[in-house]
There are 2 protein chains.
Amino acid sequence: MQSPLEIAGDLFQFSPQALEPGEDMNLIASPSTDAANEDRARAIRDRLHDAIVDHRLAPGTKLNEAEVGALFGVSRTVARAGLQMLAYEGLARIERNRGAFVAQPSPDEARQIFEARRSIEPGIARRACEQLTAEGLETIAAQLEAEAAFLDRRGPQARRAEIKASGDFHLVLASFAGNPILARFLAELVARSSLVIALYGRSGASSCGHTHHGEILDALKAGEGDEAAHLMLRHLDHIEADLDLRLRGGNSLRDAVAPWEPSVLAQNS
Amino acid sequence: MQSPLEIAGDLFQFSPQALEPGEDMNLIASPSTDAANEDRARAIRDRLHDAIVDHRLAPGTKLNEAEVGALFGVSRTVARAGLQMLAYEGLARIERNRGAFVAQPSPDEARQIFEARRSIEPGIARRACEQLTAEGLETIAAQLEAEAAFLDRRGPQARRAEIKASGDFHLVLASFAGNPILARFLAELVARSSLVIALYGRSGASSCGHTHHGEILDALKAGEGDEAAHLMLRHLDHIEADLDLRLRGGNSLRDAVAPWEPSVLAQNS
DNA sequence: CCAGCGGAGATTGCATACAATCCTAGCATG
DNA sequence: CATGCTAGGATTGTATGCAATCTCCGCTGG
């Protein structure tokens, strides 16, 4: 029997970007950076992050410390650190004495995620518009093309790549707003949105999303920040409207009885 | 020689809330929650978090794993996990093979922090206004009184408590906006703001801040969400205007030469 | 047939040990 | 005096071991 992790692990091996048309303009990524230089926990987090965002790891999947460690050739200590990072970003949930699982955002959480995006992303679009250079516009346009390239393809691989590219559009845009902190918040929200879509997505909203992205880019080109912000808001509304957030029968009883969302507000002492 | 950590540790001992007038309505806090129930890493994070926000731990302070572990009676493993949490929230910075330090936000980061707050906090105020109940208003009013109580006192202890209470006002308000995710973002920003004030704060802006808080509460009482949002924006502008963000001579050459802000955008793979 | 129980196996929580790296101080050398 | 070099100690990075907890499955008794 092959574990879900190994399946996702396979995809790690023959580099997924081999099938990505325009993978190299992915600015958010650390191109040749020393990112994985010698931070193995972060490398694990990055791989799992991508696997989750790509829907190669389904919500609820158990992330076994020993297994993760074995997959990446490190001890449980390092694997654990990577999993804790994921948990902090809301992509995984760690239950004491039970381990880590890919997060399963509740409908409520899903609404919160999109509300948060509506709160910050129009402002990001507006600011990006103000500070955007010619090359910045090119970068965004390139990202859009990469996205488009996947629309014409068939198969689950292309679908996954399309979802990721669609999210990356938002991240690339945010990277030009000149505020790394907001960009990080958005990165978290986009990643979690991917989980939400995996759980509650209905149609291929992505295609509509792509046209929206094109319109936003046009507004940016025209230097119309307010219009870009407005379009972004509409775009987010549209994505959320395409979700089916009715509480469907939970898979496990444990989850149904779980007291609340795992202590999101228990922040301060 | 007594280490900075021990000094802060002393304050841990004779519970600082002993001198807080209205400490028990601190809703963000987990009152009797099982928070520290059996998550010792989180407990450490909470204590250090408070110590940093209270300015008991100065920016740049070394956070030695062994020392932290000894202070809390746990092994380095657990201490390390707590420090990693702090790092993820931007309250600490971890350098490979060098360890953890209380973060020292650069002027640029400081601007980003306040820009981010301006991005999300007016919306929070507006939403809180919509959803606010009578008891919610009371809770906020109580927080405001607690804040006021510190204004009349002298001494560094009261000053610290005042700063913390001032931040808590924003957090309590956010807790009524019905979006734990945004509340968590804001909690991070408020905590980092405290660091910024420690580094670049000029006057006792807090007193002005308190009158602003009062005006915001009035707007909330009147149900005028837009006014509350506007006041919030002005309030944030005011706080930031009271900072001296001129690049003052860096303490250490190492920091001055440090390549960039430690990989905030190196998020995705 | 089903609820209750118990023990084996699996998995996590944590402490500790060792290796790798860094920092410091002292000495030598120009 | 300034610079370079080299132990030695201190600190972090990682693996591993053990105890605590959970999960699962078969058993018993009703």
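Proteins come first, then strands; the chains are lettered A, B, ... in the order of their sequence lines, and each starts at number 1. Side-chain atoms are counted along with the backbone in the values below, which use heavy atoms only and exclude waters and symmetry mates.
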- Note on the structure: Asn97(B) atom CG is separated from dT21(C) atom P, nearest whole Å, by 7 Å
- Query: Quick one: Glu65(B) CD to dT21(C) P, roughly how many Å, whole number?
  - Reply: 16 Å
- Can any side-chain N or O of Asn64(B) pair as donor or acceptor with the backbone N or O of Ala66(B) at less than 3.5 Å? yes
- Item | Length of the line joining Arg76(A):CZ and dG13(C):P, which is rounded to integer Å | 8 Å
- Task: Answer yes or no: does a side-chain N or O of Asn64(A) lie under 4.0 Å from OP1 or OP2 of dT11(C)?
- Result: yes
- Length of the CZ-P vector between Arg96(A) and dC22(D), whole Å: 9 Å
- Does the pair Leu91(A) and Arg192(A) meet the rule for a side chain to side chain contact (heavy atoms under 4.5 Å, CB included), with working shown? CA-CA 6 Å; Leu91(A) 288 188; Arg192(A) 295 177 77 174; 3.9 Å; yes
- Message: Give me the atom names and distance for the closest heavy-atom approach of Gln104(A) to Gly60(A).
- Response: CG-N, 3.4 Å
- Between Arg40(B) and dC14(C), is there a side-chain N or O to OP1/OP2 distance below 4.0 Å? yes
- Query: If each of Ala66(B) and Thr77(A) is mapped to the nucleotide of DNA chain D with the nearest heavy atom, which maps nearer the 5' terminus, i.e. the 5' end?
  - Reply: Ala66(B)
- Query: Aromatic rings Tyr88(A) and Tyr88(B): how do their planes relate, parallel, tilted or perpendicular, breaks at 30° and 60°?
  - Reply: tilted
- Between dC22(C), dG13(C), dA15(C), which nucleotide gets closest to the side-chain atoms of Ser75(B)? dA15(C)
- Starting at atom CD1 of Ile44(B), determine the distance to atom P of dG13(C), rounded to an integer number of angstrom. 15 Å
- Message: Quick check on dT11(D): is either OP1 or OP2 less than 4.0 Å from any side-chain nitrogen or oxygen of Arg80(B)?
- Response: no
- Message: Using whole Å, what does the distance between atom C1' of nucleotide dT12(D) and atom CD of Glu95(B) come to?
- Response: 12 Å
- Examine the base of dG13(D) for any acceptor or donor lying under 3.5 Å from a partner atom in the side chain of Arg98(B), and report the outcome as yes or no. no
- Message: Between Arg47(B) and Asp50(B) (salt bridge meaning N to carboxylate O under 4.0 Å), is one present in this structure?
- Response: no
- Send over the distance from Arg42(B) CZ to dG13(C) C1', rounded to a whole Å. 17 Å
- Tell me whether the OP1 or OP2 atom of dC22(D) has a side-chain N or O from Lys62(A) closer than 4.0 Å. no
- Whole-Å gap separating C1' (dT12(C)) and CZ (Phe101(A)): 11 Å
